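I have placed the structure first, in the form of structure tokens, so that the comments after it can refer back to it.
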Amino acid sequence: MAKLLEIKNLRTYFYTEEGVVRAVDGVSWDLDEGETLGLVGESGSGKSVSAMSILRLIPRPPGRIVEGEILFEGQNLVEMSDDELRHVRGNRIAMVFQEPMTSLNPVLTIGEQLTEAIKLHLHLDQPEADKRATELLEMVGIPEAPQRLKDYPHQFSGGMRQRVMIAMALSCNPKLLLADEPTTALDVTIQAQILEIMARLSKELGTAVVVITHNLGVVARYADRVNVMYAGKIVESGSASDVFKKPRHPYTHGLMESVPRLDATEHKRLFAIEGQPPLLVEPIPGCSFEPRCAWRIDRCKTEAPPLELKEEKHWAACLRNPMVDAQTVVPAAAQA
């Protein structure tokens with residue numbers, strides 16, 4: 001069965017005065033119809049740039065897709081003309097952007113912004129587009145939807161604006177939804193509501209979803225599969241249950257250890273991964289995580305680990321297996 005989305009050896013670089021920043025450096029992954037994939041990692045790991053590359057929203061200059069294929073329903077988006085891409089963006093592939101407070105146009109009503117894509121892609125007249133927009137607002141739980149179409153973004157709370165963004169993204173029944181930190185700046189209860197809405201609509205409409213987030217709890221609850229990114233590369237990939245139960249990369253293990261747990265049996269300080277992610281201006285000769293890794297070995301300084309199959313449908317890029325019974329492996333920091 002053909003994949004809905006296939007990304008092959010994607011490289012997206014930014015050409016700056018300091019040098020070439022390899023924001024996404026040889027990434028490959030795929031997505032089935034109706035599947036939810038989580039992209040996780042620290043800021044600067046390449047998650048958002050990966051998603052922006054799919055829709056070719058990388059600003060030029062300084063950014064450019066220098067290599068790779070992005071196959072959506074068998075068509076290579078990298079080779080499409082700008083006119084061809086306009087029929088894909090917002091129609092077959094939609095995106096919920098990171099910041100709801102600034103993603104809506106403050107001088108246009110919610111109705112004007114919702115109906116723009118509907119009229120363009122679905123070829124509906126204004127009354128039909130207004131009817132569709134009303135249905136969308138009701139679908140995401142906004143009360144008095146016909147009246148709210150006439151309101152401006154400043155008349156909505158942050159959670160309501162994010163609901164509007166989801167309604168806009170789903171307005172043309174896309175096959176793929178890219179959600180870039182969809183709950184940023186929202187309080188916990190509103191976060192849960194937004195995520196439940198996305199999960200429900202994905203199930204009802206059969207839309208595949210890529211969720212980009214720092215929140216591992218979100219991934220554990222809503223994602224079918226997980227790609228862990230670090231320094232522009234995927235360092236671990238597998239089903240959400242496998243990655244959370246048996247992380248096979250030390251970076252993933254560190255992320256898991258840094259999450260507060262309600263079932264902790266003893267009081268202890270929250271774990272933190274020491275150091276900072278590397279600058280991506282210069283090529284890294286060995287493993288990019290080596291300076292921060294507690295299980296590093298001499299080979300890690302000079303040998304870049306490939307993404308290898310460790311178990312069935314579970315890949316990791318590590319020269320050793322840090323799955324880690326922490327009692328049987330002495331961290332390098334403790335050996336020094």
Side-chain angles (χ1 to χ4, degrees), residues 1-12 24 26-39 46-58 60 63-97 114 116-124 129 132 136 139 165-180 182 197-213 219 222-227 229 234 237-240 307 313 315:
M1 182 178 176
K3 299 288 185 179
L4 176 67
L5 179 70
E6 291 182 272
I7 295 178
K8 300 180 179 180
N9 198 34
L10 177 66
R11 299 180 191 274
T12 302
V24 175
V27 164
S28 299
W29 51 273
D30 56 46
L31 188 67
D32 290 325
E33 291 189 14
E35 185 179 26
T36 297
L37 174 73
L39 281 180
K47 309 182 303 298
S48 295
V49 175
S50 296
M52 301 285 276
S53 297
I54 293 173
L55 287 174
R56 279 187 25 208
L57 295 175
I58 302 298
R60 297 187 60 181
R64 185 159 62 91
I65 297 174
V66 299
E67 188 179 336
E69 294 180 313
I70 303 172
L71 302 177
F72 177 71
E73 296 183 320
Q75 295 180 292
N76 190 354
L77 301 182
V78 176
E79 297 178 349
M80 281 188 176
S81 67
D82 290 341
D83 286 338
E84 290 173 325
L85 266 178
R86 289 190 187 100
H87 295 288
V88 175
R89 294 184 187 132
N91 183 20
R92 292 157 61 199
I93 303 177
M95 190 162 186
V96 178
F97 291 96
L114 261 175
E116 181 180 10
I118 295 172
K119 291 187 290 185
L120 175 65
H121 295 300
L122 301 184
H123 309 292
L124 301 180
R132 172 64 175 160
L136 287 164
M139 188 185 302
M165 292 297 298
I166 294 173
M168 290 177 65
L170 296 172
S171 60
C172 299
N173 297 323
K175 299 285 287 184
L176 172 61
L177 176 65
L178 306 174
D180 187 3
I197 288 169
M198 289 179 55
R200 173 174 56 83
L201 295 178
S202 172
K203 185 175 181 180
E204 291 175 358
L205 303 176
T207 302
V209 180
V210 177
V211 179
I212 300 165
T213 182
V219 174
Y222 297 100
D224 301 308
R225 287 192 297 126
V226 181
N227 285 341
M229 293 194 68
I234 293 175
S237 178
S239 69
L307 191 66
K313 298 182 180 180
W315 289 262

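Only a predicted model underlies this, so the values are computations on that prediction, with no experimental measurement involved.
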### Query
Does atom CD of Glu116 have more than 12 heavy-atom neighbours from other groups under 6.0 Å away?
no
### Query
Is Leu176 close to Leu178 at the side-chain level, that is, under 4.5 Å between some pair of heavy atoms?
yes
### Query
Mind checking whether Val27 and Met229 have side chains closer than 4.5 Å, heavy atoms only?
yes
#### Entry: Check: Ser28/Asn9 side-chain N/O donor and acceptor closer than 3.5 Å
no
### Task
For residues Ile7 and Glu69, determine if any side-chain heavy atom of one lies less than 4.5 Å from a side-chain heavy atom of the other.
no
### Query
Do Thr36 and Met198 come close enough that some side-chain heavy atom pair is under 4.5 Å?
no
Residues 199-212, side-chain donor-acceptor partners within the protein, below 3.5 Å, at least two apart:
{"residue": "Arg200", "atom": "NH2", "partner": "Met139", "partner atom": "O", "Å": "3.0"}
{"residue": "Ser202", "atom": "OG", "partner": "Thr207", "partner atom": "O", "Å": "2.7"}
{"residue": "Thr207", "atom": "OG1", "partner": "Pro174", "partner atom": "O", "Å": "3.1"}

### Query
Do Ser53 and Leu10 have side chains that get closer than 4.5 Å, going by heavy atoms?
yes
### Task
Please step through side-chain contact (heavy atoms from CB on, under 4.5 Å) for the pair Leu122 and Cys172, ending with a clear verdict.
CA-CA 7 Å; Leu122 301 184; Cys172 299; 4.2 Å; yes
### Lys313: partners by side-chain contact (heavy atoms from CB on, under 4.5 Å), with sequence neighbours left out
Trp315
### Message
My understanding is that only one of Ile70, Leu71, Asp30, Asn76 makes a side chain to side chain contact (heavy atoms under 4.5 Å, CB included) with Lys8; could you say which?
### Response
Leu71
### Query
For Leu4 and Glu73, what are the C-alpha separation, side-chain angles and deciding distance, and is it a side-chain contact (heavy atoms from CB on, under 4.5 Å)?
CA-CA 5 Å; Leu4 176 67; Glu73 296 183 320; 3.7 Å; yes
### Task
Considering non-hydrogen atoms only, spot the tightest contact between Lys47 and Leu39 and give its length.
CD-O, 3.5 Å
### Query
Do the non-hydrogen side-chain atoms of Phe72 and Lys175 ever get within less than 4.5 Å of each other?
yes
#### Entry: side-chain contact (heavy atoms from CB on, under 4.5 Å) assessment of Met80 paired with Arg86
CA-CA 10 Å; Met80 281 188 176; Arg86 289 190 187 100; over 6 Å; no
### Message
Less than 4.5 Å apart, side chain to side chain, heavy atoms only: is that true for Arg11 and Ile65?
### Response
no
### Task
Report yes if some heavy atom in the side chain of Glu84 is under 4.5 Å from a heavy atom in the side chain of Glu79; otherwise report no.
no
